[in-house]
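Structure, as structure tokens:
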2 protein chains.
Amino acid sequence: MNIKDIAKKCNLSVATISRVINNDPKVADSTRKKVLSVIDKYKFVPNITGRSLRTQKSNKILVLLPTMSNQFYSEIIQGIEETAEEKGYAILVAVTNLQEHQEIKYLHMLRMKHVDGCISLFNTIDAESISSLAKTYPFVQCCEPTMGADVSSVEINNRQAVYDVVNQFIQKGHKTIGMISGDYYKTSELGRETGYKEALRDNGLVFEKSLLVKNFYRYEDGAIGAKKIMAHNPKPTAIVCASDSLALGATSYLKSEGYTVGKDICVMGFDNTAITTYTSPTISSIGQPRYDLGKESFKLLYEKLENINSTNKKIILPYEIIHRESTGCSK
Amino acid sequence: MNIKDIAKKCNLSVATISRVINNDPKVADSTRKKVLSVIDKYKFVPNITGRSLRTQKSNKILVLLPTMSNQFYSEIIQGIEETAEEKGYAILVAVTNLQEHQEIKYLHMLRMKHVDGCISLFNTIDAESISSLAKTYPFVQCCEPTMGADVSSVEINNRQAVYDVVNQFIQKGHKTIGMISGDYYKTSELGRETGYKEALRDNGLVFEKSLLVKNFYRYEDGAIGAKKIMAHNPKPTAIVCASDSLALGATSYLKSEGYTVGKDICVMGFDNTAITTYTSPTISSIGQPRYDLGKESFKLLYEKLENINSTNKKIILPYEIIHRESTGCSK
DNA sequence: GTGAAAGCGCTAACAG
DNA sequence: CTGTTAGCGCTTTCAC
């Protein structure tokens, strides 16, 4: 059942059917009624591939995710989705699992015009490729802009967030502070680690390599990281983590070793995911405005969708530091 | 830059270019070489919309998710993705957020031939619509088959899983057992609740309405549920939950009320997500073979992709009951 | 207000 | 081995 069939049933041309489908005002009311009833009767749905081929647009955008196993992304996607829907765009999510060939495969959907634009939550390909991609296709990076790439992006000031936290710790009297970070989200990690180092430096403390451990973002990496950091002499009294999962893993390890987290040692998480209030101790965290991160990303993408030559923008959104039980202690 | 342009640059027909693109063996080696070098030079990428329109297939499948904020789905999707890739299919994920209009919107992608098939992790539309959809398009349900629908599906035996757990509790001497369930995944919930009721009945215990609370699957719903259940007289000594988030929320509430979970009261989760081993107490849980759930779903879908008239299959995969600290107690 | 016809980019049947 | 041709389903001039 295609447009031609409907045209036959109606004794009209395909052009008229097309006009009805697309709400063209210059079609007689009686004609429109007849066509709609036939469309309804046969449950006709216009073939979007034919339409895409003709109009050269799909009204779909791609959201590229590094992994699905991160609570953090869900609200960002909701922000994108709800903003996109207002403008008539559906969103499609693809997961790269951090594999470059997957990333390339899905980015081809842009070049192949199967989607009109892409919001990427993470990229492995180099800055130059990103820049050239963004020049030709509507493309926006969210949370993890590739360093040195000329592209629109939305993120928080990761450096400043950790700087503030470490600074607070030092004000409260902490002298030995560790950090557990990850090892693949290059941009945010560098920012967070830089904030850590700069806060130490600005307070006259020296950065020690053995107090900064980097690995993945699984709970167990938090535990492993905490173990390494606690082997340091003197023992740290505070640990900043690059995610809540790391903070939770660290807390779990510290408790098993007899420390009272929030009293003997402070632990700070990142992203303020729902879990933080349901553990004991509850986990302090740095919150990102997830919904708005998604929303602003789509708005930037929409500017590119309307005019690919519009200038690239870099948007920085505010973060918040939320103190819970895990940072109850001063030293 | 399209196939026609390439043909001109090569002084060949578009047909030959198409043959090269599609690895047709009956193309002279010298010709192939020339074409490939031109393709490379101009960075030509075949337009997949044109191809889809012509071949009537997209080599893409849709994975329909009720929500993104559930750790549980990530490994299922990986199972689907890796199996699909072997067969040359890319996967696209869409999130309905439990809204019917979203579900319908994305299912249209099937009818519009924008994807060749769909694996759905949850549906709100009725059994008849599902059956008729599955008759015409490759469609498989994973984890939550719609009751009464004629469709291929993969799941575990939810009823038996909870039956076993409750039975174990009773064998260990528990006499008052509560259950915290959810209120929208109709199929699995009904199965789990039925298992709970049947185990009670088969052991001569009576089911009491106030011991079964239903709500959403957020941590707070676990806390709220536990509060309600603990108001019962006599006090329950074990609670079965329909998810790990509920179990964690319940545990958090019980601890705040002074109970020692695993000693005063047992708590069982569901899905065996990573968090269960990083809380204290660690949470016992019923594990589903997530990767295989995804893998088998794609295999069923592939049978439909090859032959839409192949008979529908219902696959039941094994579960496992994993005891951790939260179920340490007998009564 | 409606229809005829061209064409989006591609593949495949057929001819040679 | 290569070219010619038709057509996938749709939108959009251009006529009338």
Side-chain angles (χ1 to χ4, degrees), chain A residues 1-39 42-60 88 108-116 136-137, chain B residues 1-39 42-60 88 108-116 136-137:
Chain A
M1 183 63 48
N2 61 30
I3 199 170
K4 213 159 45 180
D5 300 326
I6 299 294
K8 256 180 226 147
K9 307 264 181 216
C10 297
N11 278 321
L12 288 163
S13 72
V14 290
T16 302
I17 311 301
S18 176
R19 290 192 186 99
V20 172
I21 294 168
N22 292 286
N23 290 313
D24 188 326
K26 44 182 194 296
V27 51
D29 260 8
S30 56
T31 313
R32 182 186 308 280
K33 245 189 188 152
K34 187 168 74 179
V35 173
L36 285 176
S37 80
V38 173
I39 284 179
Y42 293 97
K43 307 255 172 267
F44 166 67
V45 181
N47 180 306
I48 210 161
T49 306
R51 175 183 292 168
S52 293
L53 184 58
R54 176 65 219 224
T55 61
Q56 303 288 29
K57 67 188 303 259
S58 65
N59 280 302
K60 288 191 180 52
H108 265 0
M109 291 181 63
L110 257 183
R111 304 188 228 270
M112 293 164 153
K113 304 278 178 63
H114 231 188
V115 290
D116 298 334
T136 325
Y137 305 97
Chain B
M1 184 61 50
N2 60 32
I3 200 171
K4 215 161 37 181
D5 299 327
I6 298 294
K8 258 181 224 147
K9 307 264 181 214
C10 295
N11 279 321
L12 286 165
S13 71
V14 289
T16 302
I17 311 301
S18 176
R19 289 192 186 99
V20 171
I21 294 168
N22 293 287
N23 290 313
D24 188 324
K26 41 185 196 294
V27 166
D29 261 8
S30 56
T31 314
R32 182 185 308 280
K33 245 190 189 155
K34 188 168 72 177
V35 173
L36 286 176
S37 80
V38 173
I39 284 179
Y42 294 96
K43 307 255 173 265
F44 164 68
V45 181
N47 180 307
I48 209 163
T49 306
R51 176 184 291 167
S52 292
L53 184 58
R54 177 63 222 226
T55 61
Q56 303 287 30
K57 67 187 303 256
S58 64
N59 278 303
K60 287 191 181 54
H108 266 1
M109 290 181 64
L110 257 182
R111 306 186 225 271
M112 293 164 154
K113 303 280 176 60
H114 232 189
V115 292
D116 299 334
T136 324
Y137 304 97

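Chain A is the first sequence line, chain B the second, and so forth, proteins listed ahead of strands; every chain is numbered from 1. Values below: all heavy atoms of this structure, side chains included; hydrogens, waters and symmetry mates excluded.
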### Query
Is there a residue in residues 42-50 of chain B whose heavy atoms reach under 4.0 Å of DNA chain D, and which residues are they?
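Here the set is empty: none.
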#### Entry: Shortest non-hydrogen separation from B:Tyr137 to B:Leu110 and the atoms involved
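Minimum heavy-atom contact is CE2-O, 3.6 Å.
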### Task
Give the minimum heavy-atom separation between A:Ala7 and A:Ser13, together with the two atoms involved.
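Of all heavy-atom pairs spanning A:Ala7 and A:Ser13, the closest is CB-C, 3.8 Å.
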### Query
What do you reckon, is NZ of B:Lys4 surrounded by more than 12 foreign heavy atoms closer than 6.0 Å?
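No, NZ of B:Lys4 has 12 or fewer neighbouring heavy atoms, counting only those of other groups under 6.0 Å.
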### Task
Give a yes or no on this: more than 12 heavy atoms of other residues, nucleotides or ligands lie within 6.0 Å of atom NZ of A:Lys33.
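Result for NZ/A:Lys33: open.
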Please list, pair by pair, any protein nitrogen or oxygen found under 3.5 Å from a nitrogen or oxygen in nucleotides 1-4 of chain D.
residue: D:dT2; atom: OP1; partner: B:Thr31; partner atom: OG1; Å: 2.4
residue: D:dT2; atom: OP2; partner: B:Ala28; partner atom: N; Å: 2.8
residue: D:dT2; atom: OP2; partner: B:Thr31; partner atom: OG1; Å: 3.3
residue: D:dG3; atom: OP2; partner: B:Ser13; partner atom: N; Å: 3.0
residue: D:dG3; atom: OP2; partner: B:Ser13; partner atom: OG; Å: 3.1
residue: D:dG3; atom: OP2; partner: B:Thr16; partner atom: OG1; Å: 2.8
residue: D:dG3; atom: N7; partner: B:Arg19; partner atom: NH1; Å: 3.4
residue: D:dG3; atom: O6; partner: B:Arg19; partner atom: NH2; Å: 2.3

### Message
With side chain to side chain contact (heavy atoms under 4.5 Å, CB included) as the test, pick out the partner of B:Leu12 among B:Val35, B:Val38, B:Ile6, B:Val20.
### Response
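Among the candidates, only B:Val35 passes.
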Would you say [N] has OP1 or OP2 under 4.0 Å from some side-chain N or O of [X]?
X: A:Asn2; N: D:dC8; value: no
X: B:Lys4; N: C:dC8; value: yes
X: B:Gln56; N: D:dG9; value: yes

Without decimals, in angstroms, what is the distance between [X] [atom1] and [N] [atom2]?
X: B:His114; N: D:dG9; atom1: NE2; atom2: C1'; answer: 12 Å
X: A:Ile3; N: D:dC8; atom1: CD1; atom2: P; answer: 13 Å
X: B:Asp5; N: C:dG9; atom1: CG; atom2: P; answer: 8 Å
X: A:Asp24; N: D:dT12; atom1: CG; atom2: C1'; answer: 10 Å
X: B:Arg54; N: C:dA12; atom1: CZ; atom2: C1'; answer: 5 Å
X: B:Asn59; N: C:dT11; atom1: CG; atom2: P; answer: 12 Å
X: A:Ile6; N: D:dG9; atom1: CD1; atom2: P; answer: 13 Å
X: B:Leu53; N: D:dG7; atom1: CG; atom2: P; answer: 14 Å

### Query
NA contact type, B:Ser18, heavy-atom cut-off 4.0 Å: base, sugar-phosphate, or nothing?
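Base, at least one base heavy atom under 4.0 Å.
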### Task
Step by step, work out the side-chain contact (heavy atoms from CB on, under 4.5 Å) result for B:His114 and A:His114.
CA-CA 9 Å; B:His114 232 189; A:His114 231 188; 3.2 Å; yes
### Query
Side chain of A:Arg51: nearest nucleotide among C:dT11, D:dC10, D:dG9?
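Closest nucleotide to the A:Arg51 side chain: D:dC10.
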### Task
Assess whether side-chain contact (heavy atoms from CB on, under 4.5 Å) is satisfied between A:Thr16 and A:Val27, documenting all intermediate values.
CA-CA 7 Å; A:Thr16 302; A:Val27 51; 4.1 Å; yes
### Task
Go through the steps for B:Lys43 and B:Val45 under the test side-chain contact (heavy atoms from CB on, under 4.5 Å), then give the verdict.
CA-CA 6 Å; B:Lys43 307 255 173 265; B:Val45 181; 5.9 Å; no
### Task
Look up atom CG in B:Asp116 and atom CD in B:Gln56, then write down how far apart they are to the nearest 0.5 Å.
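Going from the CG atom of B:Asp116 to the CD atom of B:Gln56 covers 10.0 Å.
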